[in-house]
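In what follows, a single structure is set out as structure tokens and then discussed.
For reference, positions follow the sequence shown, starting with 1.
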Amino acid sequence: MTEQPNTREPEPNQANADATDQDNPEEFITPEKFAPEEEASLLEESNDKKSEANALFSSAKYENAITKYEEAASVCPHYLDYELAVLKSNIAACHLKLEQWKEAVKAATDSIDGLDRLEKSEASREPNEEEGKKKDTEEDDAEEEIVSSGAQKSAPAPKQESVSDIIRRKRQEDIRRIRAKALMRRARARSELGGWSNLSSAEEDYKVLSTMTNLTPADRKIVQTQLRILPPRTKAAQEKEMSEMWGKLKDLGNGILRPFGLSTNNFQMVKDEKTGGYSMNFSQNGPSQ
């Protein structure tokens, strides 16, 4: 039903792009960012549309909310992974309300992928920031040593969190919060879809959620419940699909073997209970079809 939002991207400098193409024809060119003023304007427009979508969601107008969330995503600058992840997670919530499980899985996965990119990007910047803070600290220590000869004997002052540290910590908390929501929504959708692959994937999502410390009591209870009931469902789905697969292979094999006076009954699949694997035994005297 939904399409991938066509997020706004600025035009790269053509001269630079041509020069780069000539030097490295196969190298990916990272699109340029918008100017700060234009980025702020686009983000404000995106947030206005998101507010409208939130109101539609609250009024149970989920189809309309999806449309408005996608409009917000199309306006939002493509490199703002956090803002886009929030929108994708909200779209997943709408699909859950509409019981559109596949679409919910896709939207939630897009949200999680965006958060992964964001965390990798921020992690790559941390070493440089830490190095800069280390130099500042060394300079401060040297200055303190000159000013006060008794500084080494006094108790160290408690370390105060800088503004940048506070912003970074809040950002990480926000990322974890949206990740938890997206994982809960994807796990629910996968569980509702059923089937071996979806159920095992849902189980993996709930296992990840069980390690997160920021879940609400209600969500944690859901996670614990699902981790109890999913394993037998997953095993039953696996056995059912394996049985169906073997049935189809048997029909195919009988068609091939019949001209030779044989059938799949001449071949016995023996399961190794220790490893879960199978081995094939041939019986010349087995019944033929």
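Atom OG of S121 and atom CG of D116 lie 12.5 Å apart (nearest 0.5 Å).
Both L199 and M184 belong to a common hydrophobic cluster when Ile, Leu, Val, Met, Phe, Trp and Tyr are linked at side-chain heavy-atom distances under 4.5 angstrom. The hydrophobic cluster containing V86 also contains L115, counting ILVMFWY residues as joined when their side-chain heavy atoms lie under 4.5 angstrom apart, directly or transitively. There is no path of hydrophobic side-chain contacts, each under 4.5 Å, that joins Y82 to L84. Two different hydrophobic clusters hold L98 and W101 under the rule that ILVMFWY side chains link at heavy-atom gaps under 4.5 Å.
Residues meeting the salt bridge (charged side-chain N to carboxylate O under 4.0 Å, His left out) test with D113, sequence neighbours left out: none. Listed by chain and number, the residues in a side chain to side chain donor-acceptor pair (under 3.5 Å) with K170 are D174 (sequence neighbours excluded). Remark: E39 pairs with Y79 by the side chain to side chain donor-acceptor pair (under 3.5 Å) rule, at least two apart or across chains. Not a single salt bridge (charged side-chain N to carboxylate O under 4.0 Å, His left out) links K102 to another residue, sequence neighbours left out. For K120, the salt bridge (charged side-chain N to carboxylate O under 4.0 Å, His left out) criterion is met by no residue, not counting sequence neighbours. Judged as a side chain to side chain donor-acceptor pair (under 3.5 Å), and not counting sequence neighbours, N198 has no contacts. In this structure, Y206 has no ring pair (Phe, Tyr, Trp, His ring centres under 6.0 Å) partners at least two apart in sequence or on a different chain. Listed by chain and number, the residues in a salt bridge (charged side-chain N to carboxylate O under 4.0 Å, His left out) with E173 are R169 (sequence neighbours excluded).
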Name the atoms and distances for all side-chain donor-acceptor pairs under 3.5 Å in residues 218-230, with sequence neighbours left out.
from	atom 1	to	atom 2	distance (Å)
D219	OD2	T216	OG1	3.4
R220	NH2	M212	O	2.3
T225	OG1	K221	O	2.9

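Remark: of the listed residues K106, Q100, E103, Q100 is the sole one forming a side-chain hydrogen bond (donor to acceptor under 3.5 Å, both in side chains) with H95.
Applying the side-chain hydrogen bond (donor to acceptor under 3.5 Å, both in side chains) test to residues at least two apart or on different chains, the pairs with a partner in residues 182-193 are S89-R185, T109-R186, R186-D205, R188-E192, R190-D205, S191-R233. Sequence neighbours left out, the pairs with a member in residues 46-61 that pass salt bridge (charged side-chain N to carboxylate O under 4.0 Å, His left out) are K49-E71, E52-K68. Residue pairs meeting the ring-ring contact (aromatic ring centres under 6.0 Å, His included) criterion with at least one partner in residues 43-63, sequence neighbours excluded, are F57-Y62.
Taking 4.5 Å as the limit, some side-chain heavy atom of R171 sits within range of a side-chain heavy atom of L118. Looking only at side-chain heavy atoms (C-beta outward), S201 and V105 stay at 4.5 Å or farther from each other.
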